[in-house]
Every structure is written in structure tokens, then in C-alpha cells.
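Below is one structure, written out as C-alpha cells; comments come after it.
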Protein chains: 2
Amino acid sequence: MATRTDTLTLEVVELIGTVVARYHEEYDRAAAEHSLTGAQARVLGLLSLEPLPMRKIAVRLKCEPSNVTGIIDRLEARGLVERRPDPADRRVKLAAATDQGRRTARELRDALDFAREPLAGLSDDERTVLRDLLRRMLGEEAP
Amino acid sequence: MATRTDTLTLEVVELIGTVVARYHEEYDRAAAEHSLTGAQARVLGLLSLEPLPMRKIAVRLKCEPSNVTGIIDRLEARGLVERRPDPADRRVKLAAATDQGRRTARELRDALDFAREPLAGLSDDERTVLRDLLRRMLGEEAP
DNA sequence: ACCGATTTACTTGACATCATGAAATATTCA
DNA sequence: TGAATATTTCATGATGTCAAGTAAATCGGT
């Protein structure tokens, strides 16, 4: 059993903590290079794929819709995002990335070598093993 | 090579993103059960191991010392932490967990089964492989 | 060994962002 | 018509930065 006092489990837990910390450092650093906060970068990344209603953004971010209003306000003030009416439902406002927003999102993705660079040290076989172990750890099955 | 368009690498990157999200959910949920924020829980965890000067807390949190003042203020107001003078340097204030703070920190650790429970699905050998792959990914060598 | 200048540790204040919750408005749906 | 939904606004609190201020330690020149 994996108990709390199991040394091996504790080592893995600590490593995962390090991964989480490293992930955020890289993410925030990349965002800051474009004068964006982590939350703004995350929303811009979502919207660069497809326009989304405010409410769905809140669901993705697991936060209150009233919070999304402010984040979109700030992105809109910088010309990275725009609000559009939803033709199908006049209550809904769709947030959509502008051309400049998509450009910034692409640069952000390119700068985010958190996983790309350290993973380069692993062989294909090793990456496959890592992928499968992470999947099982997360309780996902092979798609 | 691990390029950005490498499917396997992208899968691993996405899984790591999921791990990060899951980690935060669990952490914040466990903290909220004790009416603590994530930042407060993190600092309390640090101080439950050893008292630390304010400045070192800021280094661990990678934030400004002025920010730590407020976090310790709130923990101190709840009796979980206390400030002590450092006998060796009167400029320094040591933040130390109180008995109640240590108790809360222990309960927090026990509630944090993020890694314990999902890792239970892996065998010892698999956990060892996972540990070694994560270490190499993070650029650490065996201690 | 002394003393002034610099550095270090912490706090305070002003401000921006992120987060929640309650109330207001507009629109849709039963 | 009345209930439910989508968004915004407002009040509030936690977190974060930066600049300025206070207290204490350290350094360098005499």
C-alpha cells in the first residue's frame, strides 16, 4: 500500500510538487514577457482556439462569472480580445481573440518550453512510459 | 527530437497540465476545509517543519518580503503562527508555528491525499520508474 | 577602537489583480 | 406571467508589486 510514510511515495509526491512549481514559474515568466498575468495568458490561450461565452470561461477557470468580467475587460482594453453578441441568444456575450490576440497567444505557446525542453532529455520509449504512468496516476484510460 | 509538434511530447505536456490542475484543486480544497487560502496553507506547512525568518519565507515563495508580512499577519491573528525575535540578529523576526498551527498543518498533510491515493494504483516498480523519469525530466540527479 | 556610510530585515502605504458573493438588468423559456 | 439564465456592478478580502521608512548590523577609513 502507498501510505503516507512510504518513502518512495513521498519522493514522488515531492517531485510532483517540484513539477507544479516549475510549471508555474515558466508559465508566469512567459506571460510576464508580454505584460500578461497568468490568468490573462490562460484565458487568451483558450480564446485563441475558439470564441467562448463568458460563462464557459468561468467553468474552464473554475471561478465565478463575475471574475471573468474583469479579466476580459483588461484583455479587451489591450486589444487582445473583443466581445461579440451571440446571434442565437442575446443574453450571451462571446469573447473572441483578435488578430493581435492570436498572435500573442502563439508567441506565448512558442515561449513555453517548460515541457518541451526538459522532455528532450528523455527517449521516445521513456516518454511513452511516462505518458502511460501519468495517465494511470490520473485515472484516465488510453483514449 | 522533442519538437513542439511531436504528438507524444504534446500528450505528456497536456498530462502534466492536468496534474498541475489536479494538484491545485486538492491543495485548495484541503486548505479551505481549515478556512485557509492556498498561500496560508503553504506557509504553515513550511513553518511546521522549522521557524523561518520572514525573508527566507519570501525566497521560498518567490515573492516580495512585504507580501509575507500580510500572510503572517493573518496566520498570527488566528493563532497558528507567532513572531519571535532572533537572538542572533535583532533585525530578524522568526515566524514559528504554534502548537495549534502544527496541529492544523498535520491535519492538512493527512487530508492531502492527492498523490497518495492516485499513486496507490501503481506498483512499487512503477512508482520507482515514475520517480526516476520525473527526476531526469527535472534535471535532478539521484541524491 | 571609533564613527559615518552602506547594506540588510522588516513594515507600511498605495495600487493592481484575482477571487467570492449579493444584487441589478436583460433575455429566454416553461 | 413567472422562473431560470447570462452578464455586469458593487463591496470586500487575499495576494502580489513597488517605493519609502525604520531599525539594526557591517564595513572602511582614520
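Proteins get letters first, then strands, A, B, ... in listed order; numbering begins at 1 in each.
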May I ask you to list the residues of residues 74-96 of chain A, by number, that have any heavy atom positioned under 4.0 Å from an atom of DNA chain D? R83(A), R91(A), V92(A), K93(A)
Spell out, as yes or no, whether a donor-acceptor pair under 3.5 Å connects the side chain of R127(B) to the backbone of L8(A). no
Hey, are R135(B) and E11(A) close enough for a salt bridge, meaning a charged N less than 4.0 Å from a carboxylate O? yes
Quick check on side-chain contact (heavy atoms from CB on, under 4.5 Å): which of T98(A), D73(A), L44(A) does V81(A) satisfy it with? L44(A)
Same apolar cluster: V129(A) and V12(B), side chain cutoff 4.5 Å: yes
The helix from dA1(C)-dT30(D) to dA30(C)-dT1(D): angle between its terminal axes, five pairs each, to 10°? 20°
Under 4.5 Å between side-chain heavy atoms, counting indirect links through other Ile/Leu/Val/Met/Phe/Trp/Tyr residues: same cluster for L138(B) and V13(A) or not? yes
Can you tell me if CZ on R83(A) sees more than 12 non-hydrogen neighbours from other groups inside 6.0 Å? yes
Identify, with sequence neighbours excluded, every residue that meets salt bridge (charged side-chain N to carboxylate O under 4.0 Å, His left out) alongside D89(A). R91(A)
Start and end of chain B contact along DNA chain C [non-hydrogen atoms, under 4.0 Å]: dT8(C) to dT12(C)
Answer yes or no: is there an ion pair linking R29(A) with E33(A), defined by an N-O contact shorter than 4.0 Å? yes
Checking L80(A) against Q40(A) for the side-chain contact (heavy atoms from CB on, under 4.5 Å) test, could you report, in this order, the C-alpha distance in whole Å, the side-chain angles of both residues, the deciding distance, and whether it holds? CA-CA 10 Å; L80(A) 300 172; Q40(A) 289 165 6; over 6 Å; no
Tell me which residues in residues 38-55 of chain B put a heavy atom below 4.0 Å from DNA chain D, sorted by number, or none. A39(B), Q40(B)
Under 4.5 Å between side-chain heavy atoms, counting indirect links through other Ile/Leu/Val/Met/Phe/Trp/Tyr residues: same cluster for L94(A) and L47(A) or not? no
Please say whether more than 12 non-hydrogen atoms of neighbouring residues, nucleotides or ligands are located less than 6.0 Å from CD in E25(B). yes
Which nucleotide span of DNA chain D, 5' end to 3' end, has atoms closer than 4.0 Å to non-hydrogen atoms of chain B? dA14(D) to dA25(D)
Can a donor-acceptor pair be found, under 3.5 Å and without considering hydrogens, that links the side chain of E126(B) to the backbone of L133(A)? no
If you count the non-hydrogen atoms of other residues, nucleotides and ligands that lie under 6.0 Å from CZ in R78(B), is the total more than 12? yes
Are any of the side-chain heavy atoms of R74(A) and I71(A) separated by less than 4.5 Å? yes
Say whether, by atom type as modelled, one donor and one acceptor occur between the side chain of R102(A) and the main chain of A97(A) under 3.5 angstrom. yes
